[in-house]
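Structure first, commentary second.
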Amino acid sequence: MPELPEVQTTVKDLEKKIIGLRIIDVWTDAPRLIKRPSFETFKKQIKGAKIEKISRRGKNILIHLNPKSKTQKSKLILLIHQKLTGHLLYGSWIMKEGSWTPAQKGPLEERVNQYIHLLFFLNNGKMLALSDLRKFAKVILGPKEEIENLAELKNLGIEPLDRKFTFEKFKEIIQQTPSKRKIKQVLMDQTIISGIGNIYSDEILWEAKIHPFKLSYKLNNQELKAIYQAIKKILTKAIKLRGTSISDFRDPRGREGKYTEIRSVYRREGEPCYRCGSKIKKVKIGGRSAYFCPKCQKT
DNA sequence: ATGACGTCCTGCCTGC
DNA sequence: TGCAGGCAGGACGTCA
(Lines give C-alpha, C1' and ligand atoms only; values in the text may rest on other atoms or scores of the structure.)
Protein backbone atom coordinates (compact mmCIF):
# COMPACT_ATOMS: atom_id res chain seq x y z
CA MET A 1 0.00 0.00 0.00
CA PRO A 2 1.41 3.37 -0.85
CA GLU A 3 2.62 5.29 2.20
CA LEU A 4 4.83 8.37 2.29
CA PRO A 5 7.90 6.78 0.59
CA GLU A 6 5.84 5.23 -2.21
CA VAL A 7 3.83 8.41 -2.81
CA GLN A 8 7.04 10.45 -2.77
CA THR A 9 8.61 8.10 -5.34
CA THR A 10 5.57 8.42 -7.57
CA VAL A 11 5.45 12.23 -7.29
CA LYS A 12 9.18 12.70 -7.99
CA ASP A 13 9.07 10.37 -11.00
CA LEU A 14 5.98 11.99 -12.46
CA GLU A 15 7.46 15.43 -11.95
CA LYS A 16 10.16 14.60 -14.49
CA LYS A 17 7.63 13.33 -17.03
CA ILE A 18 4.43 15.31 -17.04
CA ILE A 19 5.14 18.92 -16.00
CA GLY A 20 4.19 21.28 -18.83
CA LEU A 21 1.97 18.78 -20.60
CA ARG A 22 -1.73 19.24 -21.26
CA ILE A 23 -4.53 16.81 -20.51
CA ILE A 24 -6.48 16.43 -23.73
CA ASP A 25 -9.02 13.81 -22.70
CA VAL A 26 -10.12 11.51 -19.86
CA TRP A 27 -11.53 7.99 -19.78
CA THR A 28 -12.95 5.93 -16.94
CA ASP A 29 -14.89 2.75 -16.36
CA ALA A 30 -15.26 3.48 -12.66
CA PRO A 31 -16.73 6.98 -12.26
CA ARG A 32 -17.23 6.30 -8.54
CA LEU A 33 -13.51 6.81 -8.01
CA ILE A 34 -14.12 10.48 -8.74
CA LYS A 35 -15.76 11.78 -5.60
CA ARG A 36 -16.44 15.20 -7.05
CA PRO A 37 -17.45 16.80 -9.29
CA SER A 38 -19.54 14.43 -11.45
CA PHE A 39 -17.49 12.72 -14.15
CA GLU A 40 -19.20 14.84 -16.80
CA THR A 41 -18.13 18.09 -15.13
CA PHE A 42 -14.74 16.61 -14.21
CA LYS A 43 -14.06 15.87 -17.85
CA LYS A 44 -15.22 19.27 -19.01
CA GLN A 45 -13.06 21.11 -16.46
CA ILE A 46 -9.91 19.06 -16.92
CA LYS A 47 -9.81 18.92 -20.71
CA GLY A 48 -7.14 21.26 -22.02
CA ALA A 49 -5.68 21.95 -18.59
CA LYS A 50 -1.91 22.31 -18.33
CA ILE A 51 -0.01 20.39 -15.65
CA GLU A 52 2.01 23.00 -13.76
CA LYS A 53 3.21 21.25 -10.66
CA ILE A 54 2.91 18.01 -8.75
CA SER A 55 3.30 17.69 -5.01
CA ARG A 56 2.60 15.46 -2.05
CA ARG A 57 0.84 16.06 1.25
CA GLY A 58 0.73 13.04 3.54
CA LYS A 59 -0.29 10.19 1.25
CA ASN A 60 -2.15 12.52 -1.13
CA ILE A 61 -0.87 13.41 -4.59
CA LEU A 62 -1.69 16.94 -5.72
CA ILE A 63 -1.55 17.73 -9.43
CA HIS A 64 -1.72 21.49 -9.95
CA LEU A 65 -3.48 22.49 -13.15
CA ASN A 66 -3.97 25.63 -15.14
CA PRO A 67 -7.36 25.31 -16.85
CA LYS A 68 -7.75 26.20 -20.48
CA SER A 69 -11.19 27.71 -20.22
CA LYS A 70 -11.32 31.48 -19.88
CA THR A 71 -14.42 31.20 -17.74
CA GLN A 72 -12.40 29.32 -15.11
CA LYS A 73 -10.16 31.97 -13.62
CA SER A 74 -9.07 29.87 -10.68
CA LYS A 75 -6.29 27.29 -10.87
CA LEU A 76 -7.29 23.72 -10.24
CA ILE A 77 -5.92 20.91 -8.14
CA LEU A 78 -6.44 17.26 -8.94
CA LEU A 79 -6.18 15.34 -5.67
CA ILE A 80 -5.43 11.64 -5.86
CA HIS A 81 -5.25 9.31 -2.87
CA GLN A 82 -4.15 5.85 -3.94
CA LYS A 83 -5.39 4.16 -0.76
CA LEU A 84 -4.53 0.46 -0.73
CA THR A 85 -3.99 -0.73 -4.25
CA GLY A 86 -3.89 2.42 -6.35
CA HIS A 87 -1.00 3.04 -8.77
CA LEU A 88 -0.31 6.08 -10.90
CA LEU A 89 1.39 4.91 -14.07
CA TYR A 90 2.89 6.80 -16.99
CA GLY A 91 3.09 5.25 -20.43
CA SER A 92 0.90 4.38 -23.36
CA TRP A 93 -1.75 1.76 -23.64
CA ILE A 94 -4.11 0.50 -26.28
CA MET A 95 -7.55 -0.97 -25.71
CA LYS A 96 -7.44 -4.66 -26.53
CA GLU A 97 -10.33 -7.04 -25.90
CA GLY A 98 -11.86 -4.73 -23.34
CA SER A 99 -8.72 -4.02 -21.30
CA TRP A 100 -5.80 -1.64 -21.55
CA THR A 101 -2.61 -3.25 -22.84
CA PRO A 102 0.80 -1.52 -22.86
CA ALA A 103 1.66 -0.21 -26.30
CA GLN A 104 5.32 -1.11 -25.80
CA LYS A 105 7.14 -3.94 -24.08
CA GLY A 106 8.58 -3.03 -20.70
CA PRO A 107 8.10 -3.33 -16.96
CA LEU A 108 4.49 -2.31 -17.37
CA GLU A 109 3.61 -5.67 -18.79
CA GLU A 110 2.06 -6.77 -15.56
CA ARG A 111 -1.12 -7.27 -13.64
CA VAL A 112 -1.44 -3.55 -12.88
CA ASN A 113 -2.57 -2.92 -16.45
CA GLN A 114 -5.61 -5.07 -15.91
CA TYR A 115 -6.90 -2.70 -13.25
CA ILE A 116 -6.64 0.62 -15.07
CA HIS A 117 -9.85 2.48 -14.24
CA LEU A 118 -8.96 6.08 -15.04
CA LEU A 119 -6.84 7.42 -17.90
CA PHE A 120 -5.65 10.92 -18.72
CA PHE A 121 -4.59 11.38 -22.34
CA LEU A 122 -1.68 13.81 -22.60
CA ASN A 123 -0.71 16.02 -25.51
CA ASN A 124 2.60 14.18 -26.06
CA GLY A 125 0.76 10.99 -26.99
CA LYS A 126 1.39 9.39 -23.60
CA MET A 127 -1.05 8.69 -20.80
CA LEU A 128 -1.30 8.97 -17.05
CA ALA A 129 -3.22 5.99 -15.70
CA LEU A 130 -4.74 5.17 -12.36
CA SER A 131 -4.72 1.43 -11.80
CA ASP A 132 -6.61 0.22 -8.75
CA LEU A 133 -7.51 -3.39 -8.06
CA ARG A 134 -9.87 -2.63 -5.18
CA LYS A 135 -11.25 0.67 -6.48
CA PHE A 136 -10.68 2.33 -3.12
CA ALA A 137 -8.74 5.24 -4.58
CA LYS A 138 -10.13 8.73 -4.23
CA VAL A 139 -9.97 11.42 -6.91
CA ILE A 140 -11.20 14.99 -6.36
CA LEU A 141 -10.95 17.98 -8.70
CA GLY A 142 -11.58 21.53 -7.60
CA PRO A 143 -10.33 25.12 -7.43
CA LYS A 144 -6.96 25.40 -5.67
CA GLU A 145 -8.32 27.22 -2.58
CA GLU A 146 -11.16 24.76 -2.21
CA ILE A 147 -8.93 21.68 -2.37
CA GLU A 148 -6.40 23.20 0.02
CA ASN A 149 -9.21 23.76 2.50
CA LEU A 150 -10.60 20.25 2.33
CA ALA A 151 -10.74 18.55 5.70
CA GLU A 152 -8.69 15.63 4.36
CA LEU A 153 -5.77 17.99 3.77
CA LYS A 154 -6.36 20.54 6.53
CA ASN A 155 -6.63 17.90 9.24
CA LEU A 156 -3.36 16.25 8.29
CA GLY A 157 -0.64 16.26 10.91
CA ILE A 158 2.96 17.33 10.50
CA GLU A 159 5.15 16.00 7.69
CA PRO A 160 7.68 13.66 9.35
CA LEU A 161 10.50 14.64 7.00
CA ASP A 162 9.90 18.36 7.30
CA ARG A 163 12.59 20.42 9.04
CA LYS A 164 9.91 21.62 11.46
CA PHE A 165 9.48 18.06 12.70
CA THR A 166 12.08 18.27 15.46
CA PHE A 167 12.31 15.98 18.46
CA GLU A 168 10.86 18.70 20.67
CA LYS A 169 7.93 19.02 18.28
CA PHE A 170 7.38 15.26 18.18
CA LYS A 171 7.44 15.03 21.96
CA GLU A 172 4.99 17.90 22.21
CA ILE A 173 2.62 16.30 19.68
CA ILE A 174 2.62 12.93 21.44
CA GLN A 175 2.23 14.46 24.88
CA GLN A 176 -0.54 16.75 23.65
CA THR A 177 -2.42 13.66 22.57
CA PRO A 178 -3.74 12.44 25.91
CA SER A 179 -4.64 9.23 24.23
CA LYS A 180 -4.94 5.75 25.64
CA ARG A 181 -4.16 4.35 22.25
CA LYS A 182 -1.30 2.06 21.41
CA ILE A 183 1.75 3.69 19.85
CA LYS A 184 1.23 1.85 16.56
CA GLN A 185 -2.24 3.38 16.20
CA VAL A 186 -0.92 6.82 17.09
CA LEU A 187 1.85 6.57 14.47
CA MET A 188 -0.72 5.64 11.83
CA ASP A 189 -3.08 8.48 12.78
CA GLN A 190 -2.80 10.90 9.84
CA THR A 191 -3.99 13.84 11.93
CA ILE A 192 -0.98 13.45 14.25
CA ILE A 193 1.83 12.69 11.79
CA SER A 194 1.00 12.32 8.11
CA GLY A 195 2.25 9.64 5.77
CA ILE A 196 2.93 6.63 8.00
CA GLY A 197 0.82 3.51 7.43
CA ASN A 198 0.84 -0.13 8.40
CA ILE A 199 4.18 -1.15 6.88
CA TYR A 200 6.35 1.70 8.14
CA SER A 201 4.76 1.88 11.60
CA ASP A 202 5.87 -1.73 12.11
CA GLU A 203 9.32 -1.06 10.66
CA ILE A 204 9.76 2.09 12.79
CA LEU A 205 8.75 0.35 16.02
CA TRP A 206 11.10 -2.57 15.34
CA GLU A 207 13.93 -0.13 14.71
CA ALA A 208 13.11 1.74 17.93
CA LYS A 209 12.74 -1.54 19.89
CA ILE A 210 9.27 -0.55 21.08
CA HIS A 211 6.34 -2.97 21.28
CA PRO A 212 3.39 -1.88 19.08
CA PHE A 213 1.02 -2.31 22.06
CA LYS A 214 2.89 0.18 24.22
CA LEU A 215 0.52 2.98 25.20
CA SER A 216 1.71 6.26 23.73
CA TYR A 217 1.26 8.30 26.90
CA LYS A 218 3.51 5.90 28.80
CA LEU A 219 6.54 6.42 26.58
CA ASN A 220 9.49 7.99 28.36
CA ASN A 221 11.91 10.49 26.90
CA GLN A 222 14.39 7.86 25.78
CA GLU A 223 11.72 5.77 24.06
CA LEU A 224 10.28 8.83 22.34
CA LYS A 225 13.73 9.71 21.10
CA ALA A 226 14.22 6.21 19.71
CA ILE A 227 10.90 6.38 17.85
CA TYR A 228 11.64 9.87 16.55
CA GLN A 229 15.00 8.82 15.17
CA ALA A 230 13.51 5.65 13.69
CA ILE A 231 10.81 7.64 11.87
CA LYS A 232 13.44 9.79 10.15
CA LYS A 233 15.77 6.88 9.45
CA ILE A 234 13.24 4.38 8.11
CA LEU A 235 11.32 6.85 5.93
CA THR A 236 14.52 8.30 4.47
CA LYS A 237 15.89 4.84 3.73
CA ALA A 238 12.60 3.73 2.17
CA ILE A 239 12.54 6.77 -0.12
CA LYS A 240 16.11 6.05 -1.17
CA LEU A 241 15.06 2.48 -2.03
CA ARG A 242 11.99 3.73 -3.89
CA GLY A 243 9.43 2.22 -1.54
CA THR A 244 8.13 -1.22 -0.62
CA SER A 245 6.32 -3.53 -3.02
CA ILE A 246 5.22 -6.10 -0.48
CA SER A 247 1.57 -5.76 -1.40
CA ASP A 248 1.79 -4.44 -4.92
CA PHE A 249 3.29 -0.97 -5.14
CA ARG A 250 4.80 -0.05 -8.51
CA ASP A 251 6.42 3.19 -9.55
CA PRO A 252 5.01 5.10 -12.57
CA ARG A 253 6.93 2.82 -14.90
CA GLY A 254 5.72 -0.33 -13.21
CA ARG A 255 8.91 -1.09 -11.31
CA GLU A 256 9.02 -2.48 -7.77
CA GLY A 257 10.45 -0.74 -4.72
CA LYS A 258 13.53 -2.23 -3.10
CA TYR A 259 12.71 -1.63 0.56
CA THR A 260 10.83 -4.95 0.35
CA GLU A 261 14.14 -6.82 0.42
CA ILE A 262 15.49 -5.12 3.52
CA ARG A 263 12.33 -4.82 5.61
CA SER A 264 12.69 -6.05 9.17
CA VAL A 265 9.26 -7.26 10.24
CA TYR A 266 6.35 -6.45 7.96
CA ARG A 267 4.85 -9.72 6.65
CA ARG A 268 7.75 -11.73 8.05
CA GLU A 269 5.71 -13.80 10.51
CA GLY A 270 7.66 -16.83 11.76
CA GLU A 271 10.90 -15.64 10.18
CA PRO A 272 13.90 -14.76 12.39
CA CYS A 273 14.43 -11.28 13.82
CA TYR A 274 17.62 -9.81 12.32
CA ARG A 275 18.73 -8.63 15.77
CA CYS A 276 18.03 -11.57 18.07
CA GLY A 277 16.86 -14.46 15.91
CA SER A 278 13.46 -14.79 17.62
CA LYS A 279 10.50 -15.55 15.42
CA ILE A 280 8.58 -12.50 14.24
CA LYS A 281 5.05 -12.47 15.63
CA LYS A 282 1.85 -11.15 14.11
CA VAL A 283 -0.95 -9.64 16.18
CA LYS A 284 -4.10 -7.63 15.53
CA ILE A 285 -4.47 -4.02 16.56
CA GLY A 286 -7.85 -2.53 15.81
CA GLY A 287 -8.51 -4.95 12.97
CA ARG A 288 -5.08 -4.28 11.45
CA SER A 289 -2.12 -6.61 11.52
CA ALA A 290 1.05 -5.68 13.35
CA TYR A 291 4.36 -7.52 13.04
CA PHE A 292 7.04 -7.31 15.72
CA CYS A 293 9.81 -9.16 17.50
CA PRO A 294 8.46 -10.44 20.82
CA LYS A 295 11.94 -10.48 22.33
CA CYS A 296 13.55 -7.18 21.45
CA GLN A 297 10.51 -4.91 21.29
CA LYS A 298 9.56 -3.89 24.84
CA THR A 299 6.11 -2.97 26.09
C1' DA B 1 -15.15 13.07 23.43
C1' DT B 2 -12.83 9.09 22.63
C1' DG B 3 -12.22 4.81 20.77
C1' DA B 4 -14.06 0.65 18.57
C1' DC B 5 -16.11 -1.16 14.74
C1' DG B 6 -18.30 -1.41 10.02
C1' DT B 7 -17.86 -0.01 5.22
C1' DC B 8 -16.04 0.30 0.56
C1' DC B 9 -13.81 -3.68 -3.07
C1' DT B 10 -11.80 -7.80 -5.18
C1' DG B 11 -8.14 -11.36 -5.62
C1' DC B 12 -6.22 -14.93 -3.25
C1' DC B 13 -5.77 -18.39 0.15
C1' DT B 14 -7.70 -21.86 3.33
C1' DG B 15 -10.52 -25.53 4.66
C1' DC B 16 -14.49 -28.46 4.43
C1' DT C 1 -12.54 -30.73 -6.95
C1' DG C 2 -15.16 -26.86 -6.00
C1' DC C 3 -16.84 -23.39 -3.64
C1' DA C 4 -17.88 -20.63 0.52
C1' DG C 5 -15.77 -17.84 3.63
C1' DG C 6 -12.08 -15.19 5.53
C1' DC C 7 -8.50 -11.93 4.95
C1' DA C 8 -6.01 -7.78 3.43
C1' DG C 9 -6.25 -2.72 4.35
C1' DG C 10 -6.73 3.70 4.52
C1' DA C 11 -9.85 6.64 5.87
C1' DC C 12 -14.31 7.93 6.88
C1' DG C 13 -18.95 7.27 8.98
C1' DT C 14 -21.50 5.52 12.77
C1' DC C 15 -22.29 4.10 17.34
C1' DA C 16 -21.70 3.55 22.29
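Residue numbering restarts at 1 for every chain, and letters A, B, ... go by the order of the sequence lines.
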Between [X] and [N], does any side-chain N or O lie under 4.0 Å from OP1 or OP2?
{"X": "Arg288(A)", "N": "dG10(C)", "value": "yes"}
{"X": "Lys83(A)", "N": "dC9(B)", "value": "no"}
{"X": "Lys180(A)", "N": "dG3(B)", "value": "no"}
{"X": "Lys59(A)", "N": "dA11(C)", "value": "yes"}
{"X": "His81(A)", "N": "dG10(C)", "value": "no"}

Between [X] ([atom1]) and [N] ([atom2]), how many Å, whole number?
{"X": "Arg134(A)", "N": "dG10(C)", "atom1": "CZ", "atom2": "P", "answer": "11 Å"}
{"X": "Asn60(A)", "N": "dA11(C)", "atom1": "CG", "atom2": "P", "answer": "8 Å"}
{"X": "Phe136(A)", "N": "dA8(C)", "atom1": "CZ", "atom2": "P", "answer": "14 Å"}
{"X": "Leu133(A)", "N": "dC12(B)", "atom1": "CG", "atom2": "C1'", "answer": "10 Å"}
{"X": "Tyr115(A)", "N": "dG11(B)", "atom1": "OH", "atom2": "P", "answer": "5 Å"}
{"X": "Leu187(A)", "N": "dA11(C)", "atom1": "CG", "atom2": "C1'", "answer": "17 Å"}
{"X": "Met188(A)", "N": "dA11(C)", "atom1": "CE", "atom2": "P", "answer": "9 Å"}
{"X": "Leu79(A)", "N": "dG10(C)", "atom1": "CG", "atom2": "P", "answer": "17 Å"}

task = Examine Trp93(A) together with Trp27(A) and report whether their ring centres are nearer than 6.0 Å.
result = no

Taking the six-membered ring for Trp and the single ring otherwise, decide whether the centroids of Tyr90(A) and Phe120(A) are under 6.0 Å apart. no

| field | Flag if over 12 foreign heavy atoms under 6.0 Å of NZ, Lys233(A) | value | no

Closest of dG10(C), dA8(C), dA11(C) to the Leu84(A) side chain is dG10(C)

Ranking Arg32(A) and Lys182(A) by the position along DNA chain B of their nearest nucleotide, the one closer to 5' is Lys182(A)

*Sidechain-backbone polar pair: Glu271(A) side chain, Lys279(A) backbone, donor-acceptor under 3.5 Å*: no

Assigning hydrophobic clusters by single linkage (Ile, Leu, Val, Met, Phe, Trp, Tyr; side-chain heavy-atom cutoff under 4.5 Å), is Ile77(A) placed with Ile19(A)?
no

